[in-house]
Participant: 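Here it is, the structure in full.
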Amino acid sequence: QVQLVESGGGLVQAGGSLRLSCAASGSIFSINAMGWYRQAPGKQRELVATITSSLRTNTADSVKGRFTISRDNAKNAAYLQMNRLKSEDTAVYYCNAEIRRTRLDGWSDYWGQGTQVNVSS
């Protein structure tokens with residue numbers, strides 16, 4: 001079994017900051033890319049940022065310069081530092097990881113349960 005558990009969501013005023021954490025646990029041989037996605041009410045899930053095992057990042061234009069993704073390979077963890085939050089950042093934030101469970105397995109996508117971020121204007 002593989003689990004991704006997010007934490008760090010909550011309520012914050014516009015202009016404030018939050019730091020999300022994602023920890024992968026269970027039967028894990030290797031993790032490739034990790035990422036953060038978000039889904040606002042009535043909207044499709046969208047990419048926020050991704051980071052490869054070699055720490056190459058990709059960030060959505062809507063959050064570039066405000067959000068920073070990072071990763072700790074030793075802890076199988078990823079983080080999302082969110083600064084200068086806006087009301088339009090309100091959404092459920094999901095962690096995603098591409099994981100191989102054993103050296104014989106292929107890569108599979110795993111998702112966390114999501115953490116709510118509410119930004120009040």
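Here, residue 1 is the first one in the sequence, and each next residue gets the next number. Just so you know, these numbers come straight off a predicted model, no measurement behind them.
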Participant: In the single-linkage hydrophobic clustering (I, L, V, M, F, W, Y; side-chain heavy atoms under 4.5 Å), do Ile31 and Val48 co-cluster?
Facilitator: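 The answer is yes; both residues are in one hydrophobic cluster.
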Participant: Does Tyr79 form a side chain to side chain contact (heavy atoms under 4.5 Å, CB included) with Thr68? I'd like the steps, not just the answer.
Facilitator: CA-CA 8 Å; Tyr79 309 95; Thr68 302; over 6 Å; no
Participant: Using side-chain heavy atoms (C-beta onward) and a distance below 4.5 Å, is Ile99 in contact with Asn32?
Facilitator: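 They are not in contact (no side-chain heavy atoms under 4.5 Å apart), so the answer is no.
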Participant: Which pair of heavy atoms, one from Ser87 and one from Ser121, lies closest together, and at what distance?
Facilitator: CB-CB, 4.2 Å
Participant: With distance as the sole test, does Glu6 use its side chain to make a donor-acceptor pair with the main-chain N or O of Gly114 at under 3.5 Å?
Facilitator: yes
Participant: Is Leu47 reachable from Met34 through a run of I, L, V, M, F, W or Y residues, each pair having side-chain heavy atoms under 4.5 Å apart?
Facilitator: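 No, no single cluster joins them.
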Participant: Under the salt bridge (Lys or Arg N to Asp or Glu O under 4.0 Å) definition, can you give me all pairs with a residue in residues 96-105, not counting sequence neighbours?
Facilitator: none
Participant: Restricting to non-hydrogen atoms, name the atom on Thr59 and the atom on Lys64 that form the minimum distance, rounded to 0.1 Å.
Facilitator: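 The answer is O-CE, 3.2 Å.
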Participant: Got a second to check how far Ile51's CD1 is from Asn58's CG, nearest 0.5 Å?
Facilitator: 11.0 Å
Participant: Tell me the ring-ring contact (aromatic ring centres under 6.0 Å, His included) pairs involving residues 20-73, sequence neighbours left out?
Facilitator: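 ring-ring contact (aromatic ring centres under 6.0 Å, His included) check on residues 20-73 returns Tyr37-Trp111.
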Participant: Taking the side chain as every heavy atom from C-beta outward, state whether Arg71 and Ile69 have any pair of such atoms under 4.5 Å apart.
Facilitator: no
Participant: Filter on salt bridge (Lys or Arg N to Asp or Glu O under 4.0 Å), then keep only pairs touching residues 73-94, sequence neighbours left out; what's left?
Facilitator: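 Listed once each, the pairs are Arg38-Asp89, Arg66-Asp89.
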Participant: Starting from Leu55, can I reach Leu80 by hopping between I/L/V/M/F/W/Y residues whose side chains sit under 4.5 Å apart?
Facilitator: yes
Participant: Give a yes or no on whether the backbone of Gly35 and the side-chain of Thr50 come within a donor-acceptor separation of less than 3.5 Å.
Facilitator: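 No; zero donor-acceptor contacts below 3.5 Å.
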Participant: Which heavy atom of Leu4 sits nearest a heavy atom of Ala24, and at what distance?
Facilitator: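 So the minimum-distance heavy-atom pair works out to CD2-CB, 3.3 Å.
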Participant: What I'd like to find out is whether the side chain of Asn118 reaches to under 4.5 Å of the side chain of Val12, using heavy atoms alone.
Facilitator: no
Participant: Holding to side-chain contact (heavy atoms from CB on, under 4.5 Å), I want the full list of residues that pass it with Ser108, two or more places apart in sequence or in another chain.
Facilitator: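 So Ser108 forms a side-chain contact (heavy atoms from CB on, under 4.5 Å) with Tyr110.
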Participant: Could you list the residues that satisfy side-chain contact (heavy atoms from CB on, under 4.5 Å) with Val117, not counting sequence neighbours?
Facilitator: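 side-chain contact (heavy atoms from CB on, under 4.5 Å) list for Val117, sorted by chain: Leu18, Leu20, Met82, Tyr93, Val119.
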Participant: With sequence neighbours excluded, give me every side chain to side chain donor-acceptor pair (under 3.5 Å) pair touching residues 15-26.
Facilitator: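 Residue pairs passing side chain to side chain donor-acceptor pair (under 3.5 Å), neighbours aside: Ser17-Asn83.
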Participant: Testing the basics here: between Val2 and Ser27, what is the closest heavy-atom pair and its distance to 0.1 Å?
Facilitator: CG2-O, 3.3 Å
Participant: Check whether more than 12 heavy atoms from other residues, nucleotides or ligands sit under 6.0 Å from atom CD of Gln39, and answer yes or no.
Facilitator: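 For Gln39, atom CD is crowded (more than 12 foreign heavy atoms under 6.0 Å).
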